[in-house]
Amino acid sequence: MSVPKLSLSENTEAALAKTRAEVVVVGTVRGADGLELAAGAEAVDAAFDGELADVLTTMGATGKAEETVKLPTLGRLPAGVVLAVGLGSPEVGPEDVRRAAGASGRALAGTARALTTLSAVDLQAAVEGTVLGSYTFDRYKSEPGTAPVGTLDVAAPEEGTTRAHRATLKAAGTIAEAVTVARDLVNTPPNDLYPGSFADRARELAEDAGVDFEVLDEKALARKGFGGILGVGGGSSRPPRLLRLRYRGPKARKKVALVGKGITFDTGGISIKPAAGMDEMTSDMAGAAAVLASVLLAAKLKYPLEVVAHIPLAENMPSATAYRPGDVLTMYGGRTVEVLNTDAEGRLVLADAIVRACEEDPDYLVETSTLTGAQKVALGNRTPGIMGEEEFRDRVADLAQATGENGWPMPLPEELRSDLDSKLADIANVSGQRWGGMLAAGHFLREFVAEGVPWTHIDVAGPAYHTGSPWGYTGKGGTGVPVRTIAAVLADVADHG
Ligand code: BES
Ligand code: MN
Ligand code: ZN
């Protein structure tokens, strides 16, 4: 819920001799002849007379990915403990550092102050990984769990200036914090997080960050004809909302529109879902959370961009006032949709928000949602599906790979479009066939994107929410995916247009 305090530290024997950290983190790798120390561990090794690798090997450590071993320093350092964490193979990339740092973050629970030297290998990855790995959410526990690490000293890499290191630390800390903002929202249960309360929280966060905030309530939505959002939200006693948050940076050169699905709970509506696993639909607002966190991040990092986030919020419930299979909705902008399945609700609220976003002529449109179970069938739980206009889609997918969120480009095969033809309205919300469900949803969304706008949709149905045991920097519950991908897209557009 809260992020550790971060401070840059030197990584010399002199600095280590006076550190106030209780634990010093070093990296290990699995070399051809056994465990080796990673870059950054030299000063700690010196305190062990050059025998740290041997000591760790004696204890059974191998340097394999995410292995953690704690060692007492027995007075060799003011810090009482060395935490050795495995990076795996000696060809270390940023994601190896992020995952090892994540494992260290989990192992540091209960530590007031720690010093990490993984940052000597990759400063940004070490900070992101440690902060995200140490994340906990215990707001709903009567007894709080072990507290995450309170202060993290980050050892500076050898190359580069202090000024550059400070800037990287700030960016990494801000990105990690944005991920935790999204995780907190996803982890808040649906009895407390509904359209109205999401809007209230978004307003607070926007005010703190100096971001413009507007909200349309159900009356305003009806006046302006947002038939998709009103249709989906009509079954709930807690009415829908549409948020617009706008940040305009100094010398803003490009305008990026963001759209995120905010279904605060998805029962399926009248086309109700089976009971097993329905609780996971608390995560059906993960796209909204990511987009909210991203516009705040753009403001905090003062990107030279205009970033406008559009967030449709609704609760998809079955009731006497719910929309039905067979209904025809008139969407914002006037197009009509035949609803054949009320569980394909995300695309309906997104379509309204896409039309509104396109009215402002953005240079790019990035949308994200927990759109389809078909994303999980196609790509599993750790690989977002990225659809859209091909050139921009590939650019976003490359950036997603670089962040470690690992989104993958997906096609929109032309022959799937006619499956959405409706006998009654302009288009139907589902296709008559099972196959390619993510792509059918992509086709539906594409119909609402204005001509010529480079557009992409990131389907994170699986990746946004983790139900298994912790791995790397990902614990149970909301993961914050795809905040880091969106942050990377914003940084890339700020740099290259
Ligand atoms: N929110 C779900 C998609 C989803 C499924 C997210 C599993 C996370 C985990 C979405 O609203 C939905 O229900 N989609 C349907 C579409 C179908 C009716 C065409 C689906 O995927 O089954
Ligand atoms: Mn649904
Ligand atoms: Zn849904």
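Note that the structure is a prediction, hence the values are computed from the model and not measured. Every number for a ligand or one of its atoms is a count from 1 in the order of the listing.
R98 and E405 are not joined by a salt bridge, as no carboxylate oxygen comes within less than 4.0 angstrom of a charged side-chain nitrogen. Under the 4.0 Å criterion applied to side-chain N and carboxylate O atoms, D343 and K273 are assigned as salt-bridge partners. The pair K261-E345 meets the salt-bridge criterion, since a charged nitrogen lies less than 4.0 angstrom from a carboxylate oxygen. Using a 4.0 Å cut-off between a side-chain N of Lys or Arg and a carboxylate O of Asp or Glu, R241 and E218 qualify as a salt bridge. Salt bridge present: R99 and E95 bring a charged side-chain N and a carboxylate O closer than 4.0 Å. Taking 4.0 Å as the cut-off between side-chain N and carboxylate O, R446 and E414 count as a salt-bridged pair. At a threshold of 4.0 Å, the pair E338-K423 counts as salt-bridged, since one of the basic side-chain nitrogens sits closer than that to a carboxylate oxygen. A salt bridge is defined here as a Lys NZ or Arg NE, NH1 or NH2 lying under 4.0 Å from an Asp or Glu carboxylate O, and R244 with E359 fails to meet this definition.
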Which pairs of donor and acceptor atoms, one on a side chain in residues 227-238, lie under 3.5 Å apart (sequence neighbours left out)?
from	atom 1	to	atom 2	distance (Å)
S236	OG	R238	N	2.9
S236	OG	R238	O	3.3
S236	OG	E315	OE1	2.7
R238	NE	E315	OE1	3.4
R238	NH1	N191	O	3.2
R238	NH2	P190	O	2.9
R238	NH2	E315	OE2	2.9

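Take the Mn ion (ligand 2) and draw a sphere of radius 2.8 Å; the protein N/O/S atoms inside it number 4. Around the Zn ion (ligand 3), protein N, O or S atoms at less than 2.8 Å number 4.
In this structure, F226 and Y332 have parallel ring planes: the angle between them is below the 30° cut-off, well short of the 60° mark.
Of all heavy-atom pairs between P318 and I272, the closest is CG-CD1, 4.0 Å.
Note that R183 lies outside the cation-pi zone of F137, set by a 6.0 Å cut-off to the ring centre and a 45° limit from the axis.
The neighbour count for E390 CD, taken as heavy atoms of other residues, nucleotides or ligands under 6.0 Å away, does not exceed 12.
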Are any protein N/O atoms closer than 3.5 Å to the N/O atoms of ligand 1? If there are, list each pair with names and the distance to one decimal place.
from	atom 1	to	atom 2	distance (Å)
ligand 1	1 (N)	K261	NZ	3.3
ligand 1	1 (N)	D266	OD2	3.1
ligand 1	1 (N)	D284	OD1	2.8
ligand 1	1 (N)	D284	OD2	3.0
ligand 1	1 (N)	T370	O	3.4
ligand 1	11 (O)	K261	NZ	3.2
ligand 1	11 (O)	D266	OD2	2.9
ligand 1	11 (O)	D343	O	3.1
ligand 1	11 (O)	E345	OE1	2.8
ligand 1	11 (O)	E345	OE2	2.9
ligand 1	13 (O)	K273	NZ	2.8
ligand 1	13 (O)	D343	O	3.0
ligand 1	13 (O)	D343	OD1	2.8
ligand 1	13 (O)	D343	OD2	3.1
ligand 1	21 (O)	G373	N	2.7

